[in-house]
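The structure appears below as structure tokens.
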There are 2 protein chains.
Amino acid sequence: MEIDPLGITPVYQQLADILRAEIRSGNLPVGKPLPSYVTLTQQYEVARGTAAKAVQLLVKEQLVRIVPGKGAYVISR
Amino acid sequence: MEIDPLGITPVYQQLADILRAEIRSGNLPVGKPLPSYVTLTQQYEVARGTAAKAVQLLVKEQLVRIVPGKGAYVISR
DNA sequence: AAATATTTGTACGTATGTATG
DNA sequence: GCATACATACGTACAAATATT
């Protein structure tokens, strides 16, 4: 999956879409943490705040639960 | 109302609290827009993103509705 | 017990895009 | 076209929570 920084869809949405797809597919299994912000920023070349915003969307969708100091864990798919 | 940048409560929460109080008191009446981000940043000496985050909280609480290019209007109190 | 590393939380400042008037 | 206002995005920095050494 690729992110288009110039696309119509905001980058944070694109990233959330990617992560959601990874969760739904089981590629990111329940109980496992998402890649850290640092990893996400490097892997998708987005800013940290953008990565955080994307993950927050998934939290709102109750797909992940964030544990400060630990990670963002997949709780459902 | 004052913001304490070193307080326990996050600045964006403090600002949201202040604005909420202004709305509840009728000081910021229904139908009127909140001060703009520029005004908020100057008045409370916070960053623009912080002001935006505070206003977003009020949106979530359905106290205000943001109209892009116009302002953040009080819709309830 | 203490120091270090990792990860999320908050906050800053800045730049650019989009919508409205 | 221009000014105003919100939206998105970047990069950076430090604090707080957690885990490990």
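- For the pair T50(A) and dT8(D), the criterion of a side-chain N or O lying under 4.0 Å from OP1 or OP2 is not met.
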Would you list the atom pairs, donor with acceptor, under 3.5 Å between side chains in residues 64-75 of chain A and any protein atom, with sequence neighbours excluded?
none

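- In this structure, L57(A) belongs to a hydrophobic cluster whose other members, linked by side-chain heavy atoms under 4.5 Å apart, are Y12(A).
- The stretch residues 42-58 of chain B participates, sequence neighbours left out, in no salt bridge (Lys or Arg N to Asp or Glu O under 4.0 Å) pair at all.
- If you measure from atom NZ of K53(A) to atom P of dT10(C), you get 14 Å, rounded to the nearest angstrom.
- Scanning residues 64-77 of chain A for heavy-atom distances under 4.0 Å to DNA chain D yields P68(A), G69(A), K70(A).
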Quiz: residues 31-41 of chain B side-chain donor-acceptor pairs under 3.5 angstrom, not counting sequence neighbours:
from	atom 1	to	atom 2	distance (Å)
S36(B)	OG	V38(B)	N	3.4
S36(B)	OG	T39(B)	N	3.2
S36(B)	OG	T39(B)	OG1	3.1
T41(B)	OG1	Y37(B)	O	3.2
T41(B)	OG1	V38(B)	O	2.6

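- Contacts with DNA chain C (heavy atom under 4.0 Å) in residues 33-46 of chain A: S36(A), Y37(A), listed by number.
- In this structure E61(B) satisfies the salt bridge (Lys or Arg N to Asp or Glu O under 4.0 Å) test together with R20(B), sequence neighbours excluded.
- An end-to-end axis angle of 10° holds for the helix from dA2(C)-dT21(D) to dG21(C)-dC2(D), taken from five base pairs per end and rounded to 10°.
- In this structure, L57(B) atom CG and dA11(C) atom P are separated by 11 Å, rounded to whole Å.
- The stretch residues 24-32 of chain A has no heavy atom under 4.0 Å from DNA chain D, so no residue of it qualifies as close.
- Residues forming a side-chain hydrogen bond (donor to acceptor under 3.5 Å, both in side chains) with E22(A) (at least two apart in sequence, or on another chain): N27(A).
- For S76(A), there are no side-chain hydrogen bond (donor to acceptor under 3.5 Å, both in side chains) partners, not counting sequence neighbours.
- Every residue two or more places apart in sequence or in another chain was checked for a side-chain hydrogen bond (donor to acceptor under 3.5 Å, both in side chains) with T9(A), and none qualifies.
- Distance, Q56(A) CD to dG9(C) P: 6 Å, rounded to whole Å.
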